[in-house]
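Every chain is numbered from 1 and lettered A, B, ... according to where its sequence line falls, protein lines coming before strand lines.
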Amino acid sequence: MHDLRLLRERPDLLRDALRRRGALDALAPTLERAEALERSRREAIRAAEAKRADSNAISQEVRRRKQAGDDAGALIEQGRRLGAELEQLDRERADAEAAYTSLVAELPNLLLADVPAGGEEANRVIRSWGTPRPATAVRPHWEIAEALGILDLPRAAKVAGSGFLVFRGLGARLVRSLMSFMLDLHTITHGYEELWVPAVVNRASMFGTAQFPKFEDEQYGLVAEDLFLVPTAEVPVTNLYRDEILEGATLPRAFAAYSPCFRREAGAHGKDTRGLLRVHQFDKVELVRYSTPEHAPAQLELLTSHAEAVLQQLGLAYRVVLLAGGDTGFASAKTYDLEVWAPGVGKWLEVSSCSTFTDFQARRANIRYRPAAGGKPAFVHTLNGSGTAFPRLIAALLEQYQEADGSVRVPDVLRAGLGTDRLG
RNA sequence: GGACGGGUGGCCGAGUGGUUGAAGGCACCGGUCUCGAAAACCGGCAUACCGGCAACGGUAUCGUGAGUUCGAAUCUCACCCCGUCCGCCA
């Protein structure tokens, strides 16, 4: 959600962001309609409020006359007629406002100045870490996992459907170990507060983080309850402080939460369908930070470094990619993707996406802070990043650490949790 | 799932149809007093939108939404949430 005043006074900023997102052509008509709607909206508000003022004045006069013992019958009749007119004007106002806000809700966030224009091809690798294992003589992870008996895709498909997972034995224990490893790293070393949150959320939460209304068809819903399975812990964690005012002195605040994540992946049929690359339910430890506006850019760098630490401790080669405008998510103002090298499939796999949302989510969710220096409450900046998503990480681990004899070496930091230094 | 009670400003809390955006208190800000502080006292203190260069004016907001009424925090209905008791249950 944008500041409506900014929208009115600096439409050039929005146009620039849309251009860098490569969405200007697609959204220019929306923008023009919004600008036209804004005018009729204001006219409707003015008309309705003027009529309401008349109506209020009549009510006051009725009261005065009644107290004075005078007859108010004619006035009451006048008020009645005014009320009918008012109803009409109010309806027009409501229609104009609804049309305008629903249109504005479709506009993506502005972009920070250093986000490159263009689509995926304009993404920039900012830095790399580790030595990628050559993509030769390494089997893809689904073959390794099947051979080790730690993943049972056919039975997962039987009990739930394609795109769902059953880990078994050390595979299941690997998931559990990753959960502990990541949460310990972020809470003990990086200072995050650990949260355990609902796996379902309501509409207001989905709107707050901007999954709704634009991406409703990506979500699994519990129809009878009007609740939705979380696509990421970002939703419950960011909405934790919805409609609240935080003390400025308590910022920045940092939360780490494990949750299962559910995504319909509508429209992604046929892409990365094998193995662990794209599934409907996966596990993730999510990092969320609340910041004042001035510190948010630095907070994004810090958050990204915390997600990177996971990969470093696991000894996995990765690269940090600054997404171009066209690849940057709807609500994000700037995003770094962390891509881990998976030699078996010969691809860099996105295991984390670290973003700053400026005040875009905070407006929608009405999350404010009272500046420590005093002054009016202002919207916080929200940030989040995966730290990290499990399935693709597991794929990279299996492919990176497979030995010639078919077994898989376990990185040091997972040995205690797994109770072994070798799978197979 | 059933019965009853309740949701008012940053917080607590009055208010059951008419100058109530809403008493009072706390917190916060400014001042007087003081060497300084506390206390006491005085004053200030919601947000959003619309119009206006501005002073200022208007409108909305008492859980949410609809309704009754000339007029709703106050009456009606639905829903949400919290509490207490009962039932059920891992």
_Rounded distance in Å - CG (A/Asp243) to C1' (B/A48)_ = 14 Å
Could you tabulate the donor-acceptor pairs under 3.5 Å formed by side-chain atoms of residues 188-196 of chain A, not counting sequence neighbours?
{"residue": "A/His190", "atom": "ND1", "partner": "A/His186", "partner atom": "ND1", "Å": "3.1"}
{"residue": "A/Tyr192", "atom": "OH", "partner": "A/Arg289", "partner atom": "NH1", "Å": "2.9"}
{"residue": "A/Tyr192", "atom": "OH", "partner": "A/His306", "partner atom": "ND1", "Å": "2.7"}

*For B/A40, which nucleotide is its Watson-Crick or G-U wobble mate, given both distances must be under 3.5 Å?*
B/U32
*Write down the partner of B/G87 under the Watson-Crick or G-U wobble criteria, each distance required to be under 3.5 Å.*
none
*On a whole-Å scale, what distance lies between the C1' atoms belonging to B/C4 and B/A90?*
28 Å
*asked:* Going by purine N1 to pyrimidine N3 plus the second Watson-Crick contact, or the G-U wobble pair, all under 3.5 Å, which nucleotide sits opposite B/A60?
replied: B/U47
*asked:* Looking at B/C53, which nucleotide sits across from it as a Watson-Crick or G-U wobble partner, both distances under 3.5 angstrom, or is there none?
replied: none
*Nearest of B/C49, B/C70, B/G10 to any side-chain atom of A/Arg370?*
B/G10
*asked:* What's the gap between B/G30 and B/A38 when it is taken at their P atoms, as a whole Å value?
replied: 12 Å
*Atom CG of A/Asn366 and atom P of B/U47: how far apart are they, to the nearest Å?*
13 Å
*Could I get the full list of side-chain hydrogen bond (donor to acceptor under 3.5 Å, both in side chains) partners for A/Arg274, not counting sequence neighbours?*
none
*Taking the same atom, P, in B/G44 and in B/G67, what whole-Å distance lies between them?*
40 Å
*Of A/Gln67 and A/Ile45, the one whose closest RNA chain B nucleotide lies more 5'*: A/Gln67
*For nucleotides B/G21 and B/G63, find the distance between their P atoms and express it as a whole number of Å.*
16 Å
*Is the shortest side-chain N to carboxylate O distance from A/Asp90 to A/Lys51 below 4.0 Å?*
no
*Verify whether one side chain among A/Thr335 and A/Ser332 offers a donor that lies under 3.5 Å from an acceptor in the other.*
yes
_Does the structure place the NZ or CZ of A/Arg253 under 6.0 Å from the centre of the six-membered ring of A/Tyr290, at an angle of no more than 45° from the ring's axis?_
no
*Mind checking the C1' distance from B/G6 to B/A73? Whole angstroms is fine.*
15 Å
*How many Å lie between CZ on A/Arg93 and C1' on B/U59, as a whole number?*
8 Å
*Can you tell me how far P in B/G25 sits from the matching atom in B/C45, rounded to whole Å?*
15 Å
*Does A/Arg46 place a side-chain N or O at less than 4.0 Å from the phosphate oxygens OP1/OP2 of B/C50?*
no
*Please measure how far the P atom in B/G7 lies from the corresponding atom in B/C75, and state the result in whole Å.*
11 Å
_A/Glu218 with A/Arg263: basic N within carboxylate O range, under 4.0 Å_ = no
*For atom CD1 of A/Ile367 and atom P of B/G10, their distance in whole Å*: 17 Å
*Give, ordered by number, those residues of residues 47-61 of chain A having at least one heavy-atom distance below 4.0 Å to an atom of RNA chain B; if nothing qualifies, reply none.*
A/Glu49, A/Arg52, A/Ala53, A/Asn56, A/Ser59
*Please determine, for B/A23, whether a Watson-Crick or G-U wobble partner exists with both distances under 3.5 Å, and give it or none.*
none
*Over how many whole Å does the gap from A/Arg8 atom CZ to B/G51 atom C1' extend?*
11 Å
*Return the set of residues passing ring pair (Phe, Tyr, Trp, His ring centres under 6.0 Å) with A/His2 (not counting sequence neighbours), or none when no residue passes.*
A/Phe360
*Check every strand shown and say whether A/Arg363 touches a base, only sugar-phosphate, or nothing at a heavy-atom separation below 4.0 Å.*
nothing
*Which base, if any, makes a Watson-Crick or G-U wobble pair with B/A72, both distances under 3.5 Å?*
none
*Rounded to whole angstrom units, what separation is found between the CD1 atom of A/Ile76 and the P atom of B/U68?*
17 Å
*asked:* According to ring pair (Phe, Tyr, Trp, His ring centres under 6.0 Å), who are the partners of A/Phe215, at least two apart in sequence or on a separate chain?
replied: A/Phe330
_P spacing across the pair B/G31 / B/G83, given as an integer number of angstrom_ = 44 Å
*Can you tell me if the side-chain N/O atoms of A/Arg42 get under 4.0 Å from OP1 or OP2 in B/G51?*
yes
Quick one: side chains of residues 28-36 of chain A, donor-acceptor pairs under 3.5 Å with protein atoms, not counting sequence neighbours, listed by atom name and distance.
none

_Whole-Å gap separating P (B/G58) and CD (A/Glu43)_ = 20 Å
*Nearest-Å distance, CG (A/Leu227) to P (B/C80)?*
11 Å
